[in-house]
Amino acid sequence: MDTVPTDIAATTRTGAAASDAAFAMLIAAGVCDAIALERARVVARDSGITCAQALVQLGLVSERTLAESWAAMLDVSITVADRCPVEPILPERLRARFLRAARVVPLALEPGRPGAAQLVIAMADPLDNFARAAIRLATGLETRVEVAAPIELETAFDCLSRVAEAAPEMLEHAAAEDDAERLKDMASEAPVIRLVNQIISKAVETSASDIHIEPFEDRVRIRYRYDGELQDSETQAARLAPAIISRLKILARLDIAERRLPQDGRIRIAVRGQDVVFRIATAPSLHGEIIVLRVLDRSAVSFDYAAQGHDAQVIERLKTALAAPNGIMLVTGPTGSGKTTTLYTALLSLNAEETKIITVEDPIEYQLPGINQIQVRPQIGLGFAALLRSIVRLDPNVIMVGEIRDLETAEISARAALTGHLVLSTLHTNSAAAAITRLRDMGLEDYLLSAVLRGVLAQRLVRRLCDACKTPTPAPPELARRHGFTGENIWRACGCQVCRNTGYRGRQAIAEFLVPDTEIERLIVTGADQASIERAAVTAGMKTVLQTGMEAMARGETSIEEILRAVRAEA
C-alpha cells in the first residue's frame, strides 16, 4: 500500500493528543504519578513499546488496574475470558499475526446501524486508534471497543491459534518415547514455553492462590484456586501433558526423568514486572504427574492484623501475649486457615534490632527480612525436634516452630519457654480450648502446659463479599434465636464481572483468642475437659469464632453461608 488512508492518517495526527489527555486522567485518578509516567515514556521511546506497556513492564501499574482505569475513564466494558470466541471471527480479513501484534481480539459480530453490522473488539490499549482504524478499513465494519487485560488477550490468542502454531516436531515428541532428553526438547519448544508462561501469568494477574495441573486420558485440566475455591480455567490436549509438566519441573530444578516419586521445589520468576515465588509439588497419577503450584506473591499478602480481618479484641489479646518475655503462644485451625500468615505478621511486629528471631518451618512460605529462617529436612534427620535442640543454643529471643506434631517437639518447645524464650507455633485443632486437650493427648504434662501457655488463637478464613454486587436482606429470626445475631440485615452474594460471578472477592479471618487466667490454669492442672475450659474462657469475656463471624456479617463483610460453613454450625 503506497498511500496512507485518510482515516488512518487523521487518527495518527490525533492519537498523541488523545493519549496525553488519557494519561493526565490516570494521574488525576491516582493510578500513577507524573514521575512514573515520565519514566515509562523514556522506556517506551527507547524500546519501541507503548507507554501503557512500559508502565506495566516496570511494575508501576498492574495490567488489571490499567484495564479497569481505561474502562472507567472511557465508559466501556471490560472483557472477561468467557467472552472470547471459540472460532476466529473474519479470519480471511484479519490475520492472526496482525491481531497479535496490535493486541486486538475480535469478539463478536452484532447489529449496528439499521441494515449494518458492527464488530466488537477487545483491546489492551483502547487509545490505539490506528489499530482500530486499520480493522475498520480491512473489514468495512464499524467497531465497538471493550478493554481487556493483556493476559486475557494472550489466553484468547493461544486458544484460537494453538493448533496452527504447534510445531510438528513438538507433536512428534509428545507421541514418542518420553525419555529425559526428549522431555527437555519438548519443554524447550516455543509454544510450550508460551503456554506455561501464560498459565503462570494468569494466576498472578487474577490473584489466584494455587494452580492445579491434572492430566487425564483425554485432556489436561488446569484449575485455579480463588478465595479457597477451585475454578476450572481451561483444558489442553492430553499430548501436551509431558511437555507442560517437564517445563515446570525444569523451572523448579527438579529431576524431569523421575516420574515415579513425588517431588517438591520452588520457582522464582518475574511476572509482569514483579518478582513472584511459586512452591511446586508433584505426585504420580494414572495418566501422568499431577502438579500444584502455590503462588507466594508477597505483594498480594497483607501482614497486618486489621487488614486480615481480625477482631479488635483478638488483636488486643494477641499483642498482649506477644509482649510476654517468655512462654508459648499457639495459633490453631484446619489446613488453609491462615495460621502461617498470622504468625508471620506476629514475627514482623516483634522484629527489632535488639531481638533475635529464629524460625523452624516446613516449608518456608515467605522470606522475612531480618529473621533467621530454617527449612526442616526430615530426609537427612533434620526434623523439628532436632532443630529445636540446636537453635536454643543460638541464643534467640523468639522461636517460631512451624507446627507441633509430636510429644518430643512439644516438650522441647515448653522447656525453651521455661528458660526465657517466647515460642510461637501452630496446631491443627477446631477451637482454642481444643489445643489444650490436644497437647495433653500428646503426653505433655498439665503442670508444664499451665506454666508456659500465654494464649491460643483459633481462626478460620471466610470469603469476603464483593463490594460491587452484595445486597442486603432482612435477617431471618432464627439467626437471633440460634446464634445470637443482633443485626437487622444480612448480606447476600450476587455475582458480577468484578468477582468472576462468585459474589466474593478476597478472604478474611474470624477468630477467638483464649487467655489462660487463674481459673483456666486451675482447670488445666486438674485435667478439666475441653468444654469446661471453653465455658470458663467465654465467662471471662472471650468472643468465640462464631461471635466474631456474626459481627463481621453484621458489618456486611461476609455472608451467613460462609460463617456457618467455617464453624460447621447448624443453619
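None of the values given here were measured: they were computed from a predicted structure.
- Under 4.0 Å is where a charged nitrogen must lie from a carboxylate oxygen, and between E289 and K249 at least one such pair does.
- For the pair R507 and R464, the minimum side-chain heavy-atom distance is 4.5 Å or more.
- More than 12 heavy atoms of other residues, nucleotides or ligands shown are found within 6.0 angstrom of CZ on R555.
- Remark: the backbone N or O of R225 is not paired with any side-chain donor or acceptor of Q231 at under 3.5 angstrom.
- Distance check: D362 CG to I374 CD1 gives 13.0 Å after rounding to the nearest 0.5 Å.
- Contact between V196 and L248 at its shortest, heavy atoms only, is CG1-CD2, 3.7 Å.
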Distance-only check: which donor-acceptor pairs under 3.5 Å involve side-chain atoms of residues 509-516, not counting sequence neighbours?
from: E512; atom 1: OE1; to: V545; atom 2: N; distance (Å): 3.0
from: E512; atom 1: OE2; to: A432; atom 2: N; distance (Å): 3.0

request  = Take L457 and T332 through the side-chain contact (heavy atoms from CB on, under 4.5 Å) test and state the conclusion after the steps.
outcome  = CA-CA 6 Å; L457 172 70; T332 77; over 6 Å; no
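- Between the side chain of R377 and the backbone N or O of I380, no donor-acceptor pair lies under 3.5 Å.
- Remark: the backbone N or O of N430 is paired with a side-chain donor or acceptor of R460 at under 3.5 angstrom.
- Side-chain N or O atoms of T206 include one that pairs as donor or acceptor with a backbone N or O of K202 at under 3.5 Å.
- The backbone N or O of G556 sits less than 3.5 Å from a side-chain atom of K470, completing a donor-acceptor pair.
- There is no side-chain donor-acceptor pair under 3.5 Å between Q263 and D255.
- Put simply, the side chain of E557 does not reach to within 4.5 Å of the side chain of W491, judged on heavy atoms.
- Using a 4.0 Å cut-off between charged nitrogen and carboxylate oxygen, R505 and D227 do not count as a salt-bridge pair.
- Residues I560 and L479 are in side-chain contact: their nearest non-hydrogen atoms beyond the backbone lie under 4.5 Å apart.
- The closest side-chain donor-acceptor pair between Q508 and H310, if any, does not fall under 3.5 angstrom.
- Looking only at distances, no side-chain donor or acceptor of Y504 sits under 3.5 Å from a matching main-chain atom of E562.
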task = Determine, step by step, whether T409 and L388 satisfy the side-chain contact (heavy atoms from CB on, under 4.5 Å) criterion, reporting the C-alpha distance in whole Å, the side-chain angles of both residues, the deciding distance to 0.1 Å, and the verdict.
result = CA-CA 8 Å; T409 305; L388 271 173; 3.8 Å; yes
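- The CG atom of D517 sits 8.5 Å away from the CG atom of L523 when rounded to the nearest 0.5 Å.
- In this structure, R294 fails the cation-pi test against F278, since its NZ or CZ atom is not both closer than 6.0 Å to the six-membered ring centre and inside 45 degrees of the ring normal.
- Note that the CG atom of L424 and the OH atom of Y344 stand 12.0 Å from one another [nearest 0.5 Å].
- With hydrogens and angles disregarded, a donor-acceptor distance shorter than 3.5 Å links the side chain of R454 to the backbone of N326.
- Between V423 and S413, the shortest heavy-atom contact is CG2-O, 3.8 Å.
- Under a 4.0 Å N-O distance rule, the pair D275/R268 qualifies as a salt bridge.
- A 6.0 Å sphere centred on CG of D441 holds more than 12 heavy atoms belonging to other residues, nucleotides or ligands.
- In this structure, P396 and H421 have side chains that are in contact, with non-hydrogen atoms separated by less than 4.5 Å.
- With sequence neighbours excluded, no residue forms a side-chain contact (heavy atoms from CB on, under 4.5 Å) with A270.
- Proximity of a side-chain donor or acceptor of S425 to a complementary backbone N or O of V401 within less than 3.5 Å is detected.
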request  = Could you go through the side-chain hydrogen bond (donor to acceptor under 3.5 Å, both in side chains) check for E361 and Q375 one step at a time?
outcome  = CA-CA 5 Å; E361 304 176 60; Q375 171 70 52; over 6 Å; no
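- The closest side-chain heavy-atom distance from D446 to L448 is not below 4.5 Å.
- In terms of heavy atoms, G503 sits closest to C469 at CA-SG, 4.2 Å.
- Contact of the I267 side chain with the V277 side chain is not registered, since no non-hydrogen atoms from C-beta on lie closer than 4.5 Å.
- Inter-residue side-chain proximity for N351 and L368 is flagged as unmet; no heavy-atom pair is nearer than 4.5 Å.
- Using modelled atom types, one side-chain atom of S201 and one backbone atom of N197 make a donor-acceptor pair closer than 3.5 Å.
- One distance of note links CD1 of I391 with CG of N372; it measures 9.5 Å at 0.5 Å rounding.
- At a cut-off of 3.5 Å, with distance as the only test, a side-chain donor of T345 or Q308 sits close to an acceptor on the other residue.
- Atoms NZ and OG1, on K339 and T426 in that order, are 5.5 Å from each other to the nearest 0.5 Å.
- Annotation for V452 and A414: closest pair CG1-O, 3.6 Å, computed over non-hydrogen atoms.
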ask   = What's the verdict on side-chain contact (heavy atoms from CB on, under 4.5 Å) for L350 and L422, showing C-alpha distance, side-chain angles and the deciding distance?
value = CA-CA 11 Å; L350 294 171; L422 180 62; 4.1 Å; yes
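- For the residue pair I404 and M442, the shortest heavy atom distance occurs at O-CE, 3.4 Å.
- Residues T341 and Y366 bring no donor and acceptor atom of their side chains to less than 3.5 Å of each other.
- Remark: E316 CD is loosely packed, at most 12 non-hydrogen atoms of other residues, nucleotides or ligands lying under 6.0 Å away.
- Judged as a side-chain contact (heavy atoms from CB on, under 4.5 Å), and not counting sequence neighbours, the contacts of Q547 are K543, T544.
- No side-chain donor-acceptor contact under 3.5 Å links Y226 and S207.
- The minimum heavy-atom distance linking P476 with I490 is given by the pair CD-CD1, 3.8 Å.
- The existence of a salt bridge linking R522 and E519 is confirmed by a sub-4.0 Å separation between a basic side-chain nitrogen and an acidic carboxylate oxygen.
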task = Please step through side-chain contact (heavy atoms from CB on, under 4.5 Å) for the pair K356 and D395, ending with a clear verdict.
result = CA-CA 8 Å; K356 181 170 184 175; D395 191 29; 5.6 Å; no
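- We find the CD1-CG distance between I200 and L251 to be 6.0 Å, quoted to the nearest 0.5 Å.
- Taking 4.5 Å as the limit, some side-chain heavy atom of I371 sits within range of a side-chain heavy atom of T359.
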